[in-house]
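Working notes for the structure below.
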Number of protein chains: 2
Amino acid sequence: MFRSFGGDGFPVVRRSRLTGQPAARSGHLDLLVALEGIGVRRAVARDAEIYGEGSPCGGWYKVISGTVRICKLMADGRRHIAEFCFAGDSFGLDIGGEHLFSAEAVSDAIVMRFPLHATRQLIDKNQHIARGLCELTLRGHAHAQTRMLLLGRMTAIERVASFLLELAERRDATRVLDLPMARLDIADYLGLTIETVCRVLSGFKRHGVIAIPSAHRIELLDRDALAAACDA
Amino acid sequence: MFRSFGGDGFPVVRRSRLTGQPAARSGHLDLLVALEGIGVRRAVARDAEIYGEGSPCGGWYKVISGTVRICKLMADGRRHIAEFCFAGDSFGLDIGGEHLFSAEAVSDAIVMRFPLHATRQLIDKNQHIARGLCELTLRGHAHAQTRMLLLGRMTAIERVASFLLELAERRDATRVLDLPMARLDIADYLGLTIETVCRVLSGFKRHGVIAIPSAHRIELLDRDALAAACDA
DNA sequence: CGCCAGTTTGACCAAGATCAACGCAAGTGG
DNA sequence: CCACTTGCGTTGATCTTGGTCAAACTGGCG
């Protein structure tokens, strides 16, 4: 996932890691406005597809509201979710002219679509935007590598604990965490089955680490225990 | 992994996907020469570290010869290999000022190091280099996503079959495939144990899908069977 | 109220991990 | 030149984690 590129906050490109130069300078704000200008708003209903695997990649997206999942289906129906994108996250900038994964709305969502040709023109005008895009991709790559470690080497308990903490951090939740996605989505994100996710959550509840007031709401009662479970 | 950026071949930036423009034009070759100019050659012995996890990221690298692994160690010793880099592949361009993974030589290797500050100057002179770097990262991200699917949802047999085919493709091997890495490296790359890797390889051998003339050499006798095993 | 989709729990099963030998080829030193 | 060591690789026996199958539960909604 690419977090917070463009729009409100714009924390990612505030400083370019590659150049070490602060990116905020004259002309920068204009670009933001320009970016907003070329974006096309689009509402997506729950479970509706934003783009399909293999479809031509003619633009990239940013989540305005709601949650989006980036996923892939195997021939026999096994599914894998590469990432969840929340408000402010960008996605869909794939290489090779077509999307490698499909994007679907987890809940009713609004996304902004930035056509590639218009983005190109912006890039030609000012390379800050190119740096931002590059940084975004780099960030996504770092996230993917961390997730590879999780999928390749972590136990079910560690995966679920990591997931809860990641989600809490990304959604700035201190205690109460609401999950926009279903258990099956979590399972497919963590490389587990829905039953295992349930069991681990129930286990955490039994040990007083979390509370589950409703299926899509989790209270983090003992964050330290979760953190300990991550690299046990 | 970032394949073939800069130097001989330079296939990746031959056409920029983002802009759709052919990147080869006047001044391009100069940049290649310039890139070679800022690179510092370094020989690395087998199993020696090129940079460590958490060390400051002051440059990126390209493999000249040999093989490099990008890996991470968990607190309790579990290891994960994010990628293998062969001659021509680039690596080490991490975000956030420090390396998230460590890089080690699988076999005796020679790498070229490109300091970040010098790269910046090149970028300022011509943005083709920025595009190339960006494309490289995008490519790495695509690879990482594919690997997430493998680690999250594939069986041991599918993983090993995918590995053999990936390796064959990347090393342009038609039949005979030599593995520079040890079984343990393969296991840590595929999220398996060394015993499972051995057993699966032995199984393939028993069914006549491959031959194993020596531990580090594998002959692909039935490529179709391997391909079928990938998405069985 | 009853249905339905999603969630939870339990009983059982299997893929792959762990533990333990054994094989084998490349050094190493006498 | 040959015992001996050492580091991988391979194979077998057993165990554990998480998957599979099945049933019960829960909350929302017509």
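We name chains A, B, ... by the order of the sequence lines, and we start the count at 1 in each one.
Panel note: side chain B/R171, backbone B/D178; a donor-acceptor pair is recorded below 3.5 Å. In this structure, the side chain of A/R223 engages the main chain of A/T174 through a donor-acceptor pair within 3.5 Å.
Whole-Å rounding puts the A/L201 CG to C/dT8 C1' distance at 11 Å. Spacing between atom CD1 of A/I212 and atom P of C/dG6 amounts to 18 Å, rounded to whole angstrom units. Remark: C1' of C/dT18 and CZ of B/R78 are 14 Å apart, rounded to the nearest angstrom. Atom pair B/E158:CD and C/dA15:P shows a separation of 12 Å (rounding to whole Å applied). One interatomic measurement links the two molecules: CD1 of B/I210 to C1' of D/dT10, which rounds to 13 Å at whole-angstrom precision. At whole-Å resolution of the value, CZ in A/R206 and P in C/dT8 are 12 Å apart. Distance CD1 (B/I194) to P (C/dC19): 15 Å, rounded to an integer number of Å. Straight-line distance from the CZ atom of A/F204 to the C1' atom of C/dT8: 16 Å, rounded to whole Å.
Not one side-chain nitrogen or oxygen of B/H216 sits closer than 4.0 Å to the OP1 or OP2 atom of D/dC8.
The ring pair (Phe, Tyr, Trp, His ring centres under 6.0 Å) analysis of residues 166-219 of chain B, with sequence neighbours excluded, yields the pairs B/F84-B/Y189, B/F163-B/Y189. Each salt bridge (Lys or Arg N to Asp or Glu O under 4.0 Å) pair with one or both residues in residues 203-217 of chain B, not counting sequence neighbours, would appear here, but there are none.
Of all non-hydrogen atoms in B/A87 and B/I64, the two that sit nearest each other are CB-O, 3.4 Å. Minimum interatomic distance between B/R153 and B/E158 (heavy atoms only, all atoms of both residues): O-OE1, 4.3 Å.
At least one test fails for B/R170 against the ring of B/F86: distance under 6.0 Å to the centre or angle within 45° of the axis.
Minimum atom distance to the side chain of B/R46 is reached by D/dC8, of the listed D/dC8, C/dG6, C/dT9.
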### Query
Nucleotide by nucleotide, 5' to 3', does protein get under 4.0 Å of the base (B), only the sugar-phosphate (S), or neither (-) in nucleotides 14-30 of chain D, counting heavy atoms?
----SSBB---------
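The side chain to side chain contact (heavy atoms under 4.5 Å, CB included) check on A/D108 picks up A/A45, A/R46, with sequence neighbours excluded. By the side-chain hydrogen bond (donor to acceptor under 3.5 Å, both in side chains) test, A/T67 is found to be paired with no residue, residues two or more places apart in sequence or in another chain being considered.
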For nucleotides 21-27 of chain C, tabulate all protein N/O to nucleotide N/O atom pairs closer than 3.5 Å, reporting atom names and distance.
none

